[in-house]
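Counting convention: from 1, in listed order, for ligands and their atoms alike.
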Amino acid sequence: MTSLSLPDDAELRRRIRALDLESKVRLLTGDSLWTLPAEPRLGLLPVTMSDGPQGVRGTGADPDATGLLAPAPSALAATWDAQLAERLGDLFATEARRKGVDVLLAPSVNLQRTPVAGRHFEYFSEDPLLTAALAAGLVRGLQARGVGACLKHFVANDSETDRTRYRSRLDERTLREVYLAPFEQVLAEAAPWSVMAAYSGVEDGVDSAPMTEHARLLQGVLKGEWGFAGPVVSDWAATNSTVASAAGGLDLVMPGPDGPWGENLVAAVRAGELDERIIDDKVLRLLRLARHTGRLGLPGQEPASASSEDATAPAPAPREFALLREVAARATVLLRDTAELLPLRLNGIGSIALIGPNAVTPYLQGGGSAFVPAAHTVSFEEGLRAQLPEHVRLTVHRGGDSRRRPPFVPGELLTDPDTGAAGVRADYLDADGNRIGGEVRESGDWTIYDDFGPTTHRVVLHTVLTLSEPGVHRLEFGCAGRFRVTVDGEQLLAGDDDRGVELVLESSHRYPTLQGIDVEVGAQARRITLGIDLTVVEPGGYDRFVTAQLLHAAPGPTPYEEIAEAAAAAAAADVAVVVVGTNEETESEGWDRTGLDLPGYQDELVRKVLAANPRTVVVVNAGAPVLLPWADEVPALLWAWLPGQEAGHALADVLLGRTEPSGRLPWTLPARAEDVPVPDARPHDGIVTYSEGLHIGHRAWDRQGLVPAFPFGHGLGWTEWTYESVTAPQTSVSAGHLTGPAGGDGLQLTVELTNTGPRPGREVVQVYLESPQDGPERPVRLLAGFATVHAAAGARATARVRVPARAFQIWDTAMRAWHTPPGGYRLHVGRSSRDLRLTVDVTSYGDRLHTVV
Ligand code: BGC
């Protein structure tokens, strides 16, 4: 269908008039976990949604269906390159089409308000402007190919603890200038076709409501003031009311088919509690989304099938892998290189010791709904081996485990107690305790979704674990919901949590209740009989499930022994590359961290390796800040993010000089936990108070005058830059549109710079605005614009940086409008928030700006 033949809104309204109230309301709740209902009378085909933003998870029935895994958004943000984000959006669109997905539940433009936030990796930056620029690029790339974006989570949903219940308390200026800002800017620049309302609520001094019911923000600001014409979709299972949410501006309840709307909403309209025109508007918005995504045909004509996985679509192409690799390599931040170790010069190197828990098991993506099973991944070891010449010997050493939990019991240690067959036997029981089915699996991982049949009420596991290796074995068991674990007939652990959907939303991304025992094995093998009785969890909307994890650590070297072995290997090698980082126990949706230390014994490992070999490169494999107490002692330090499937190739590209690590930190890396401006995100009495106000991230560090380990915007690349000059238009420019999208055009700065280093390079030219401090409170400096340039060694480059008028403005609470306070402003141009090289002064006379020459 070409765009010319698409029905206009008047035609859609006509179609809607043909439906009765029940039929319309039916369309406003999903008909499954991921799809929206079809309505042949409207020509509406089912619209399929799926999670991002690290890729496109897909909705295929096969849980092992796999796809492309991109670097996490905080990595993408480190490129500071909206065009690259657009190319990634285009790739996601191809992948979405392959998987039959019409709307990608991405990007997430909440802000990294605190470094401990569980979804920090999934958000772009601590800065609203950088966040918006990257997110807008991604949305453009996606939607240009007919796949809808869903901008989430609207709004001030920046932490996870108690995430379905808390309200964020922040003043109206902070809400407007910081947390609404990326939503507003992305809407203005890229017009995403849907927006997701968050679980949490907002209390901003004007009113207080959960976001699914927040009439002033959804109806007033988003739809009214900003003119958003698409549907507002609830976060999954976030809607807890009928009239309040429907009247408040929510358009679609997800998932379905159950939920608080349906017949309750029909009854509310019939009772006069809600005007039917409100329902019509919701259906219209849904139809607009369908129209954009090619899911709207002619009434009565097309069969109502969901977009299906496109079997004819070409498999992921080398071009796609290459883009994922380019993003991961370019995002890498060179934090320090005091000994000019990088890129490694291989002619003097005969051996490399690759060390660290994350060298052995890289952490490629954050956990939670963003998780994408990847079809193929490249470990750091594989990537290096693929590029190292034959004469370089590569050895790999874990140097101690960083995980608290042991791995799953290997299937070969388990046997069915009745038949002696290998594995664990599961009996499926109905509500009366009758056996109605079962299965045997050779695995210690017993998380099962709905495969056990609709009448199964309990799943009971039986197995015998045989331990023969002498020494102390550690066994741990993890379950969720209602369960009972017995070891040799004795109860070890039991749970009686009979919540449904809350268990999924609050705990599914988190490891379940764990209990462990140590078992001493001597000359004789030990046989341990295990019984695990699990009641099926019924989380309305989501798949029914049971979970039992049988974990086992065999006797082995202690972490200190492993560290000593790794240090000896480092001493014997020409270069040591230590990869430290987080893991699936650290960074995920569903919970916030309680601290910023690297998990396990990794600090000790780095120190021992450094002492053993001064030619050590440390690579941090993490999406969110972790403290690096040894950072000042390391000659070369790289931040390699959660890099996605091409991790190993990208790291090898950087280490061996194929791609410049041209990333710049999109957040501030603290040196000490006690300096962190917002150290935790725990609600108190249900409220998360944003007491730092406008001073998020680097703004707070500047305000407090504290020195971080590495500042916002920092990244060395591998050349040097001289900033020659900055010029601004000499005539006055209008900067004070009070109503225009994101506040009018602003100024364009022209920055001349020279690559004075030895190699070609990419530079991110950053502009920070200092506002007059004699009026309303302003941040000391804020990021007001940036641009990337590329130049050969010795060459000059010109960066044109747009500073939007909005950067100069404040939200005037009394006037309910944007306003540019008069006075002297200074724009600093530099390499990071703490490396400012040039300035230009600007005077504002209210709504006009004059460059001061
Ligand atoms: C997350 C959303 C996600 C949705 C669907 C929610 O728990 O907050 O980001 O899109 O689940 O998986």
Side-chain angles (χ1 to χ4, degrees), residues 29-36 47-60 63 72-74 92 96 99 101-111 117-124 135 138-139 142 147-166 168 182-183 192-201 210-212 231-240 250 252-256 259 365-373 449 499-510 539-543 545 587-592 681:
T29 296
D31 72 351
S32 73
L33 192 48
W34 304 115
T35 53
L36 304 179
V47 171
T48 301
M49 302 179 158
S50 173
D51 272 308
Q54 298 176 137
V56 183
R57 191 165 68 243
T59 62
S74 61
F92 284 174
K99 295 189 164 194
V101 168
D102 307 303
V103 176
L104 187 68
L105 301 170
S108 309
V109 293
N110 300 102
L111 297 180
R119 297 180 89 164
H120 193 286
F121 71 89
E122 196 185 326
Y123 303 148
F124 290 98
L138 199 85
V139 172
L142 261 177
V147 174
C150 184
L151 197 64
K152 66 188 189 183
H153 311 80
F154 189 76
V155 60
N157 179 202
D158 309 292
S159 52
E160 294 295 282
T161 308
D162 222 1
R163 66 179 182 146
T164 57
R165 278 188 288 268
Y166 72 80
S168 298
F183 287 94
W193 297 336
S194 60
V195 169
M196 186 186 288
Y199 289 119
S200 47
M211 281 315 303
T212 48
V232 176
V233 185
S234 73
D235 200 340
W236 264 230
T239 321
N240 292 313
L250 188 74
L252 284 170
V253 169
M254 285 301 283
Q365 59 174 323
S369 60
F371 188 86
V372 178
Y449 288 100
R499 291 175 304 161
V501 70
E502 296 89 349
L503 199 62
V504 175
L505 299 181
E506 285 170 25
S507 329
S508 73
H509 305 311
R510 140 167 254 144
Y542 286 88
D543 287 343
F545 73 97
E587 290 191 71
S588 172
E589 174 180 339
W591 75 86
D592 299 307

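Distances below 4.0 Å separate heavy atoms of Arg119 from the following atoms of ligand 1: 1 (C), 2 (C), 8 (O), 9 (O). Listed by number with element, the atoms of ligand 1 under 4.0 angstrom from any heavy atom of Met196 are 10 (O). The atoms of ligand 1 that sit less than 4.0 Å from any heavy atom of Leu105 are 10 (O). Residue contact check: Ser369 has heavy atoms under 4.0 Å from atoms 1 (C), 2 (C), 3 (C), 9 (O), 12 (O) of ligand 1. Atoms of ligand 1 found under 4.0 Å from any heavy atom of Lys152 (numbered from 1 in listed order, with element): 2 (C), 3 (C), 9 (O), 10 (O).
The closest approach between any non-hydrogen atom of Glu589 and ligand 1 is below 4.0 Å. The shortest separation from a heavy atom of Arg163 to ligand 1 is under 4.0 Å, placing the residue in contact. No heavy atom of Phe371 sits closer than 4.0 Å to any atom of ligand 1. The closest approach between Glu122 and ligand 1 stays at or above 4.0 Å for every heavy atom of the residue. Within the 4.0 Å heavy-atom cutoff, Glu160 does not count among the residues contacting ligand 1.
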Evaluate the criterion side-chain hydrogen bond (donor to acceptor under 3.5 Å, both in side chains) for residue pair Ser159 and Asp592; output intermediate values, then yes/no. CA-CA 7 Å; Ser159 52; Asp592 299 307; 4.5 Å; no

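At under 3.5 Å, not a single nitrogen or oxygen of Trp34, backbone or side chain, sits near a nitrogen or oxygen of ligand 1. Among the atoms of Asp235, some N or O lies under 3.5 angstrom from an N or O of ligand 1. Remark: ligand 1 and Trp236 share no N or O pair separated by less than 3.5 Å (distance only, no angle test).
Atom OH of Tyr199 and atom CG of Asp162 lie 13.0 Å apart (nearest 0.5 Å). The CZ atom of Phe371 sits 4.0 Å away from the CD atom of Gln365 when rounded to the nearest 0.5 Å. Atoms CG and CZ, from Leu503 and Phe545 in turn, are 5.0 Å apart once rounded to the nearest 0.5 Å. Remark: Leu142 CG to Cys150 SG distance equals 11.0 Å, nearest 0.5 Å.
The backbone N or O of Met254 sits less than 3.5 Å from a side-chain atom of Ser234, completing a donor-acceptor pair. The closest donor-acceptor contact from the side chain of Gln54 to the backbone of Val372 lies at 3.5 Å or more, if one exists at all.
Of all non-hydrogen atoms in Val101 and Gly58, the two that sit nearest each other are CG2-CA, 4.2 Å.
Shown here are the ring pair (Phe, Tyr, Trp, His ring centres under 6.0 Å) partners of Phe183, two or more places apart in sequence or in another chain: Phe154.
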